*Asks:* 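Take a look at the following structure, please.
These numbers come from the heavy atoms of this one structure, side chains and all, not from hydrogens, waters or symmetry mates. In this text the structure is predicted, and so the values were computed from the model without any measurement. Convention: sequence-line order gives letters A, B, ...; per-chain numbering from 1.
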Amino acid sequence: MKDNHVTLPTDNQEDLNQILRARRAKLAKLRELGVNPYPYRFEVRHRIAEILERFDDVCEKESAAGVGEHFSIAGRIITIRAMGKASFCHLRDDSGQMQLYVKKDIVGERGYEIFHLLDIGDIIGAVGTVFRTHTGEKTLRVQSFELLSKNLYPLPIVKEREDQVFDAFTDKEARYRERHVDLTVNLEVREIFEKRALLLCTLRRFLEERSFLEVETPILQPLYGGALARPFTTEYHALERTFFLRIADELYLKRLLVGGFPKVYEISKVFRNEGMDRSHNPEFTMLEFYEAYTDYHDAMDLTEDMLRECVSKVTGGFVIRYQDAAINFEVAFRRVPFFDLLHELTGEDLLEKSLEELQKIARLHGVEEPAMSDGKIYDELMKTHIFPKLAQPTIVYDYPLSLSPLAKKHRNGARLVERFQVFAGGLELCNAFSELNDPLDQRVRFEAQQRFRVEGDEEAPPIDEDFLRALEYGMPPASGVGIGIDRVTMLLTDQASIREVILFPALRT
RNA sequence: GCGCCCAUAGCUCAACUGGUAGAGCAACUGACUCUUAAUCAGUAGGUUCCAGGUUCGAAUCCUGGUGGGCGUACCA
């Protein structure tokens with residue numbers, strides 16, 4: 001599958017297949033005709049979608065409105081229908097596609113010869129007037145055109161007729177490995193990433209309007225933390241030390257709260273050295289924001305508003321379709337305590353059970369080896385039976401203490417922490433809590449994690465003395481929220497796989 | 001990590017119980033001044049993912065490998 005084209009030696013004509021040879025021959029011919037196949041610039045004055053829209057109500061035949069006015073567009077040739085003295089092709093730019101009519105009488109002998117040396121995939125610029133063909137298609141009558149970049153490697157040819165698509169470029173591996181081809185040929189793919197950009201833009205604007213400060217913290221770190229995950233390591237030569245790629249932004253952002261910024265956020269890649277599947281990519285994009293003097297109830301309100309705003313801006317409505325389910329973001333999100341959901345599942349109050357009782361209940365619900373801690377059992381039950389079924393936007397709150405070493409203990413009970421997660425479409429979108437700012441409690445929590453670590457839990461984080469010291473200076477009470485941007489994008493673009501919303505997803509090499 | 005499935009022309013796919021690889025589109029030559037999956041006539045195009053093995057003979061069967069898909073595990 002892989003690099004059969006990459007390994008083709010471009011200087012040895014013998015080894016090239018006939019299509020590649022033909023393209024190179026045309027390139028040489030063009031040069032003979034005095035055409036630079038890779039010129040420096042072209043004056044693009046119009047976008048195709050704007051032209052099409054403008055002539056939308058101009059009726060059949062020669063459009064009086066278009067006569068005389070010249071339009072200048074540039075893009076890639078996606079179809080060619082060549083005839084002896086007049087030809088058609090379609091040109092696509094970022095906004096849309098439009099038919100071009102190239103007539104020998106107009107572009108001249110040499111121009112028409114050059115046009116015949118063009119291929120699907122070439123990038124050209126064209127200037128002309130707009131008219132409608134007999135069949136009603138708005139078309140550019142080309143006065144002149146210019147080759148802007150010669151295509152030497154053939155593009156997949158996707159054809160359409162009456163909404164039927166033929167020979168679509170669908171091989172997932174080829175699409176991910178050659179995303180530039182995917183984007184060129186599959187318009188709906190481009191849309192996903194336009195929506196992703198709009199999502200990021202919306203989030204930034206939302207936070208900016210509320211006076212949050214965008215900051216950047218280290219990706220390369222001497223110690224990692226802020227989540228439960230195995231890190232990637234890298235060698236820092238100058239320091240002769242192993243460094244880690246961050247697994248979360250959390251600890252550095254909290255230091256900024258200590259430092260006096262009351263509202264901060266960061267949007268960035270984080271890296272977790274774990275397997276990949278349709279909702280996990282080893283590097284992914286997180287938004288984390290922290291607001292001083294607020295608790296997790298405030299954060300719930302803010303997060304709910306934020307998500308609703310994103311849905312509205314990106315999809316244009318409040319009800320979205322995700323994998324055949326209608327998800328409504330207009331109404332208030334359901335808010336339900338973690339242990340209420342477990343009660344619904346098991347009919348028992350799991351918070352009151354001993355470890356033995358918990359293990360028994362876990363077995364009843366299909367957990368194979370429940371020899372783990374109470375927290376892991378709760379987590380397992382929720383992950384297998386509850387979370388995937390949370391289709392409508394749901395805020396699950398008040399989590400067991402042992403699962404959340406960075407969250408503040410619940411004001412009403414010592415065995416819970418003030419934490420919540422937001423789910424929709426069965427996807428976990430956000431994780432948030434009232435941030436633990438008691439440095440002595442934080443040390444106790446780290447030490448507990450340290451014990452898990454010694455027992456072999458590779459995801460338990462190490463003790464971060466620098467962070468503990470920072471807390472000792474005093475961090476204001478605060479709430480913090482982490483949002484998985486990729487997951488939200490999946491939801492808003494109705495994609496089942498995270499790879500569809502990451503331009504260059506991780507692949508084996 | 002484990003299980004199941006997949007890999008054939010530039011793209012999308014075919015090839016029965018093993019018999020020596022084929023189609024549409026794309027490409028090339030020619031014709032054609034309103035075509036649109038353009039049409040018509042003709043031509044060419046393959047390391048059947050890789051390496052071994054079985055066989056007179058392998059795209060097909062076996063072993064190993066590579067890459068991918070789906071499921072599962074892991075995953076705040």
*Asks:* How many angstroms lie between NE2 in A:His297 and CZ in A:Arg335, if you round to the nearest 0.5 Å?
*Replies:*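 Interatomic distance, A:His297 NE2 to A:Arg335 CZ, rounded to 0.5 Å: 9.0 Å.
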*Asks:* For B:C61, give its Watson-Crick or G-U wobble partner with both distances under 3.5 Å, or none.
*Replies:*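 Base-paired to B:G53.
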*Asks:* Record whether the side chain of A:Glu160 comes under 3.5 Å of the base of B:A37 through a donor-acceptor pair of N or O atoms.
*Replies:*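 Such a pair does not exist between side chain and base.
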*Asks:* Determine the contact category for A:Ala82: base if any of its heavy atoms lies under 4.0 Å from a base atom, sugar-phosphate if only primed atoms, P, OP1 or OP2 are that close, otherwise nothing.
*Replies:*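 If one applies the 4.0 Å heavy-atom cut-off, A:Ala82 turns out to touch a base.
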*Asks:* Suppose we define a pair by two distances each less than 3.5 Å, Watson-Crick or G-U wobble; what does B:C11 pair with here?
*Replies:*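 The answer is B:G24, by the H-bond criterion.
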*Asks:* Tell me what A:Gln421 touches on the nucleic acid: a base, only sugar-phosphate, or nothing, going by heavy atoms under 4.0 Å.
*Replies:*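 The answer is sugar-phosphate, as A:Gln421 gets under 4.0 Å only of primed atoms, P, OP1 or OP2.
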*Asks:* Does A:Phe166 lie flat on the base of B:G24, that is, centres under 5.5 Å apart and planes under 30° off?
*Replies:*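 Here A:Phe166 fails the 5.5 Å or the 30° condition.
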*Asks:* When you check the phosphate oxygens OP1 and OP2 of B:G67, does a side-chain N or O of A:Lys172 lie under 4.0 Å from one of them?
*Replies:*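 Result: no.
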*Asks:* Distance criterion of 3.5 Å, no angle test: do you see the side chain of A:Asp167 paired donor-to-acceptor with the base of B:G24?
*Replies:*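 Side chain to base: pair found, below 3.5 Å.
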*Asks:* If you only use heavy atoms from C-beta on, which nucleotide in B:U33, B:C74, B:A27 is closest to the side chain of A:Lys103?
*Replies:*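 Given the options B:U33, B:C74, B:A27, the side chain of A:Lys103 is closest to B:U33.
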*Asks:* Check the phosphate of B:U35 against A:Arg81, side-chain N and O only, distance under 4.0 Å to OP1 or OP2. Yes or no?
*Replies:*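 The answer is no; no side-chain N or O of A:Arg81 sits under 4.0 Å from OP1 or OP2.
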*Asks:* With a non-hydrogen cut-off below 4.0 angstrom, is A:Gln164 in contact with a base, only sugar-phosphate, or nothing?
*Replies:*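 Nothing, no heavy atom under 4.0 Å.
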*Asks:* With heavy atoms under 4.0 Å as the rule, sort A:Leu155 into base, sugar-phosphate or nothing.
*Replies:*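 Answer is nothing: A:Leu155 stays at 4.0 Å or more from every strand.
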*Asks:* Using a 4.0 Å heavy-atom cut-off across all strands, classify A:Pro461 as base, sugar-phosphate, or nothing.
*Replies:*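 Here A:Pro461 touches no strand at all.
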*Asks:* Would you classify A:Arg499 as touching base, sugar-phosphate or nothing, given that sugar-phosphate means primed atoms plus P, OP1 and OP2, and contacts are heavy atoms under 4.0 Å?
*Replies:*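 Result for A:Arg499 = sugar-phosphate.
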*Asks:* When you check the phosphate oxygens OP1 and OP2 of B:G71, does a side-chain N or O of A:Arg278 lie under 4.0 Å from one of them?
*Replies:*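 Yes, within the criterion.
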*Asks:* Quick check for you: among B:U12, B:C34, B:C28, whose closest atom lies nearest to any side-chain atom of A:Thr170?
*Replies:*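 Selected nucleotide: B:U12.
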